[in-house]
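Along the sequence shown, residues are numbered consecutively beginning with 1.
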Amino acid sequence: MKKAVLIPDSFKGTLSSTDICALMKERIAFHFPGCDVVSIPVADGGEGSVDAFLTAVGGEKVFLTVENPYFEPMEAFYGLIDEGRTAVVEMAGCAGLPLVENRRNPCKTTTYGVGKLILDAAGRGISRLVVGLGGSATNDGGCGAAAAFGVRFYNKAGESFIPTGGTLIDIDRIDMSGRSTALDGIEVVTMCDIDNPMYGPSGASAVFGPQKGADPAMVKALDRGVAHLCEVIRRDLGMDLSKVPGGGAAGAMGAGMIAFFGAKLQMGIETVLDTVGFDRIIRDADLIFTGEGKIDGQSLRGKVVIGVARRAAQQHKPVVAVVGGADEGIEPAYGQGVSAIFPINRLPQDFSISRTHSRENLSFTMDNILRLLKTFAG
């Protein structure tokens with residue numbers, strides 16, 4: 001084996017994608033000295049996305065003082081890659097759930113700081129902006145970010161304000177005339193791996209509100225606010241986003257990215273593959289290793305393993321998926337380009353126990369895969 005490409009997702013709660021790449025690379029170097037190993041750690045758009053891109057393709061971090069979810073100043077950052085032509089912003093960096101600690105309240109939190117990061121990145125001569133959604137503490141439909149970008153929101157009294165989840169219901173009209181032109185001519189891609197709509201039983205507030213601190217009454221109020229925002233967007237901006245898959249991502253910021261930033265929503269793995277130049281990287285690869293914590297029916301929608309396999313199949317490249325666990329009904333993965341699937345857990349153990357052995361289990365599994373490959377390689 002002369003060249004291997006590593007592109008795993010993280011094993012949630014156990015190993016980061018960077019950790020997995022390092023372990024895989026170590027075992028490959030032992031069994032196939034001199035093998036060229038290309039590591040592409042994957043993040044889903046949430047916390048760690050910028051670092052994952054920088055690890056994969058190099059680049060630099062740009063630090064900036066912006067507002068946290070409670071409008072308090074904090075230092076955040078975004079990434080510049082591709083020789084400064086692409087900026088990567090992760091909303092979790094300044095609107096993420098860990099930042100609110102024990103103050104979870106999606107009625108009051110904002111994405112304003114995310115808009116500040118986008119505005120700064122847009123002014124650096126980029127041609128492409130990638131925004132990762134995930135892990136948010138907010139439910140403001142991206143209105144905070146839009147306000148930072150110059151979009152104005154007015155209530156019935158004609159007063160402008162910055163909407164939060166609890167005040168979306170007060171929006172009477174949206175004025176786009178003051179919106180910054182900094183993104184004009186720039187491709188905006190939003191990483192989004194869920195297909196929830198803006199509002200309703202499977203919408204942003206109902207599904208994700210409780211984990212952000214919303215009780216049942218608050219969930220209903222938040223949902224009414226998001227539905228109202230959707231109606232105002234339809235009336236003032238001429239866009240009906242009510243049924244757009246992914247519109248409910250990150251407190252309905254998926255919809256906000258479309259309405260206020262002209263973004264297209266794209267599966268995270270597709271964004272990663274395009275951004276790192278995956279098709280070019282694998283042209284001379286002998287084998288591709290991917291993986292995720294658990295491969296199941298949800299994976300077949302096109303998350304990391306399937307996304308990688310579909311691209312690799314276009315060049316007839318073999319793909320081995322090393323996973324934490326494999327559910328029933330995953331046979332269709334083989335028709336999508338996956339050559340083989342290897343779960344790492346060796347004993348029937350509860351996750352609370354097996355998670356503490358993930359590192360050695362992954363190393364053991366890789367070791368045996370590579371021993372087999374050496375046998376057939378002669």
Side-chain angles (χ1 to χ4, degrees), residues 1-11 15-43 51-59 81-83 86 268-293 295 299 302-324 326 330 333-344 346 358-378:
M1 186 164 63
K2 295 180 180 179
K3 181 176 179 179
V5 176
L6 316 178
I7 182 166
D9 197 358
S10 63
F11 289 6
L15 296 170
S16 71
S17 53
T18 301
D19 291 334
I20 295 168
C21 283
L23 283 165
M24 288 181 167
K25 184 174 182 178
E26 175 189 293
R27 300 321 300 158
I28 292 172
F30 178 82
H31 289 284
F32 292 89
C35 179
D36 178 19
V37 179
V38 179
S39 297
I40 308 173
V42 176
D51 286 332
F53 275 109
L54 293 176
T55 299
V57 298
I81 61 175
D82 191 25
E83 298 180 337
T86 298
I269 186 57
E270 294 298 329
T271 307
V272 170
L273 297 178
D274 290 342
T275 303
V276 304
F278 181 75
D279 297 342
R280 171 185 51 79
I281 290 172
I282 68 169
R283 279 177 195 157
D284 58 346
D286 298 303
L287 186 58
I288 299 161
F289 286 96
T290 185
E292 55 192 46
I295 186 166
S299 307
K303 291 199 172 184
V304 173
V305 169
I306 300 301
V308 168
R310 286 173 179 168
R311 287 288 189 96
Q314 294 173 13
Q315 298 187 41
H316 307 289
K317 299 293 183 179
V319 173
V320 172
V322 183
V323 300
I330 59 168
Y334 301 118
Q336 297 287 329
V338 176
S339 305
I341 299 171
F342 293 89
I344 67 170
R346 293 179 277 175
S358 293
R359 188 173 294 273
E360 58 259 45
N361 285 347
L362 174 61
S363 183
F364 177 85
T365 304
M366 282 297 297
D367 195 68
N368 278 279
I369 293 170
L370 295 165
R371 287 178 183 278
L372 183 63
L373 290 175
K374 274 202 305 188
T375 300
F376 284 102

Quiz item: Between Leu273 and Ile269, does a side-chain contact (heavy atoms from CB on, under 4.5 Å) hold up when you go through it step by step?
Solution: CA-CA 6 Å; Leu273 297 178; Ile269 186 57; 4.1 Å; yes
- Run the side-chain contact (heavy atoms from CB on, under 4.5 Å) check on Tyr334 and Ile341 step by step: do they pass? CA-CA 9 Å; Tyr334 301 118; Ile341 299 171; 3.8 Å; yes
message: Could you walk me through whether Thr275 and Asp82 satisfy the side-chain contact (heavy atoms from CB on, under 4.5 Å) test, starting with their C-alpha distance in whole Å, then the side-chain angles of each, then the deciding distance to 0.1 Å, before giving a yes or no?
response: CA-CA 8 Å; Thr275 303; Asp82 191 25; over 6 Å; no
**Message:** Set out, in order, the CA-CA distance, both residues' side-chain angles and the distance that settles side-chain contact (heavy atoms from CB on, under 4.5 Å) for Ile28 and Met1, then state yes or no.
**Reply:** CA-CA 9 Å; Ile28 292 172; Met1 186 164 63; 4.0 Å; yes
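From Thr375, atom OG1 reaches atom CG of Leu370 across 10.5 Å, with rounding to the nearest 0.5 Å. Interatomic distance, Ile40 CD1 to Ser17 OG, rounded to the nearest 0.5 Å: 11.0 Å. Atoms CG and CD1, on Leu287 and Ile369 in that order, are 8.5 Å from each other to the nearest 0.5 Å. Put simply, CD on Glu360 and CD1 on Ile344 are 9.0 Å apart, with the number rounded to the nearest 0.5 Å. Here Ile330 contributes atom CD1 and Ile295 contributes atom CD1; the two are 5.0 Å apart, rounded to the nearest 0.5 Å. Rounded to the nearest 0.5 Å, atoms OG1 (Thr18) and CG (Leu6) are 11.5 Å apart.
The nearest pair of heavy atoms linking Gly337 to Ala309 is C-CB, 3.6 Å. Of all heavy-atom pairs spanning Ala285 and Val5, the tightest one is CB-CG2, 3.8 Å. Across all their heavy atoms, Ile20 and Pro8 have their closest contact at CG2-CG, 3.6 Å. For Ser339 against Pro318, the heavy-atom pair with the smallest separation is OG-CA, 3.4 Å.
Inter-residue side-chain proximity for Asn368 and Phe342 is flagged as unmet; no heavy-atom pair is nearer than 4.5 Å. Between Gln315 and Ile282, some side-chain heavy-atom pair lies under the 4.5 Å cut-off. At least one side-chain heavy atom of Val322 sits under 4.5 Å from a side-chain heavy atom of Met24. The shortest side-chain heavy-atom distance between Arg283 and Asp279 does not fall under the 4.5 Å cut-off. The closest side-chain heavy-atom distance from Phe11 to Asp19 is not below 4.5 Å. No side-chain heavy atom of Phe53 sits under 4.5 Å from any side-chain heavy atom of Thr86. Side-chain contact check for Leu373 versus Phe32: some heavy-atom pair is nearer than 4.5 Å.
In summary, Asp274 and Arg311 engage in a salt bridge, as defined by a charged side-chain N under 4.0 Å from a carboxylate O. Using a cut-off of 4.0 Å between Lys/Arg side-chain N and Asp/Glu carboxylate O, Asp367 and Arg27 are scored as salt-bridged.
By the neighbour-count criterion of 12 heavy atoms within 6.0 Å, atom NZ of Lys25 is sparsely surrounded, having that number or fewer from other residues, nucleotides or ligands.
Looking at Ser363, its side chain never comes within 3.5 Å of a backbone N or O of Arg359 through a donor-acceptor pair. Within the 3.5 Å criterion, the main-chain N or O of Lys3 finds a donor-acceptor partner in the side chain of Asp286.
Evaluated for a side-chain contact (heavy atoms from CB on, under 4.5 Å) with Ile7, the options Val42, Val305, Ile281, Val319 yield exactly one hit, Val42.
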